Amino acid sequence: MRIATWNVNSLKARLPRVEEWLGYARPDVLCLQETKLSDAAFPHMAFAAQGYESVHHGDRQWNGVAILSRVGISDPVAGFVSSLEPDADTRLISAWCGGVHVSSVYVPNGRSVDSDHYEYKLAWMAKLRQHVDSLGKPGDPVAVGGDFNIAPADTDVWDPAHFVGSTHVSEPERRALAELEDWGLVDAFRGRYPDEDGLYSYWDYRAGDFHEHRGMRIDLILMTASLASRVRWALVDRNARKGKLPSDHAPVFVDLDP
DNA sequence: ATGGTAGAGCATCTA
């Protein structure tokens with residue numbers, strides 16, 4: 001089973017690239033972020049033509065998350081579980097896909113560590129922890145894929161010195177991520193490459209960052225141990241960051257043995 | 001490398 005995540009930075013602008021990628025990568029499940037589409041505008045039919053069912057939780061202009069699956073989708077839930085205060089933004093959708101409970105998340109960016117948006121980011125992560133807690137037990141097959149806007153470790157950024165004092169690498173953000181891991185979620189991609197650096201998933205459009213290898217690994221696929229123990233392979237598809245009209249993120253996927 | 005680019009929508013805001 002191949003589970004993937006991709007921040008597409010506007011699905012309207014990126015649909016041809018996503019269709020192309022589905023055609024050759026053929027993930028079983030794909031979590032999308034930043035669709036920037038209303039639910040009415042989501043291209044379900046285009047994905048159905050490639051064999052994918054889809055669910056979407058979107059906004060007219062910003063954010064927007066979706067799950068595509070060719071192994072079935074059932075019981076979709078938009079946003080946090082009903083016991084939690086609803087989020088004003090469309091940053092989370094969950095569904096059962098082929099026996100796995102999948103969530104697609106778009107964690108707030110945070111902007112700067114002294115901003116209200118940073119506090120919102122930390123509060124959002126705390127709520128995601130509660131959300132995951134209410135989904136089930138760490139022994140259940142749970143996968144959370146998405147743009148976490150957090151680099152788990154210094155090896156996940158091109159130059160740690162450049163990011164001192166910035167969001168994405170701060171101790172509170174990393175602690176929030178570690179609390180998800182404490183519950184029982186494993187960074188499946190890092191598990192496959194414990195010692196390699198330079199494995200980025202995002203490169204700023206500006207200043208030639210992609211070609212200069214100035215990136216960050218902020219797109220993660222977290223899994224409970226029962227799934228993570230089945231990881232056969234994992235990859236960032238950098239080719240999808242090249243060429244005509246790319247997103248600023250590359251798709252990340254993990255392959256699980258049966 | 002406090003600039004730079006891309007996408008939203010039409011003046012700026014967000015990343």
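Reckoned from all heavy atoms, side chains included, excluding hydrogens, waters and symmetry mates. The model shown is predicted, which means the values in this text are computed figures rather than measured ones. In the text below, chain A, chain B and the rest are named by the order of the sequence lines, each starting its count at 1.
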Measuring only the C1' atom in each nucleotide, how far is B/dA1 from B/dT12? A whole number of Å is fine. 24 Å

Using atom P of each nucleotide, how far apart are B/dT14 and B/dG9 to the nearest Å? 14 Å

Report all interatomic pairs (protein N or O, nucleotide N or O of nucleotides 6-9 of chain B) with separations under 3.5 Å.
from, atom 1, to, atom 2, distance (Å)
B/dG7, OP1, A/Arg14, NH1, 3.1
B/dG7, OP1, A/Arg14, NH2, 3.4
B/dG7, O3', A/Ser10, OG, 3.3
B/dA8, OP1, A/Ser10, OG, 2.3

Could you give all pairs that pass the salt bridge (charged side-chain N to carboxylate O under 4.0 Å, His left out) test and reach residues 231-242 of chain A, with sequence neighbours left out? A/Arg232-A/Asp257

In this structure, how many angstroms lie between the C1' atom of B/dA15 and the NE2 atom of A/His168, rounded? 8 Å

Residues that A/Asp255 engages under side chain to side chain donor-acceptor pair (under 3.5 Å), provided they are two or more places apart: A/Arg2

Of A/Arg214 and A/Glu34, the one whose nearest nucleotide on DNA chain B sits closer to the 5' end is A/Arg214

With A/His131, which residues qualify under side chain to side chain donor-acceptor pair (under 3.5 Å), at least two apart? none

On a heavy-atom basis, the closest approach of A/Glu181 and A/Asp187 is OE2-CB, 4.0 Å

For residues 76-84 of chain A, run the donor-acceptor check on the side chains, cut-off 3.5 Å, and write out each pair with its distance to 0.1 Å, sequence neighbours left out.
none

For the pair made of NE2 in A/His249 and P in B/dT5, what is the distance, rounded to whole Å? 18 Å

So what does A/Tyr106 hit on the nucleic acid, given a heavy-atom distance under 4.0 Å: a base, only sugar-phosphate, or nothing? sugar-phosphate

Interatomic distance at C1', B/dA11 relative to B/dG7, whole Å: 15 Å

Distance in angstrom units between A/Asp59 CG and B/dC13 P, rounded: 18 Å

State plainly whether the residues A/Glu173 and A/Lys121 are in salt-bridge range, i.e. N to O under 4.0 Å. yes

Using whole Å, report how far CG of A/Asn109 lies from P of B/dC13. 16 Å

Distance in angstrom units between A/Asp248 CG and B/dG4 C1', rounded: 13 Å

Starting from P on B/dA15, measure out to CG on A/Asn63 and report it in whole angstrom. 7 Å

From OH of A/Tyr202 across to C1' of B/dA15 the rounded distance in Å is 6 Å

Here the distance between atom P of B/dT14 and atom CG of A/Asn7, to the nearest Å, is 17 Å

Hey, could you give me each pair passing ring-ring contact (aromatic ring centres under 6.0 Å, His included) that has a residue in residues 48-76 of chain A? Not counting sequence neighbours. A/Phe42-A/His56

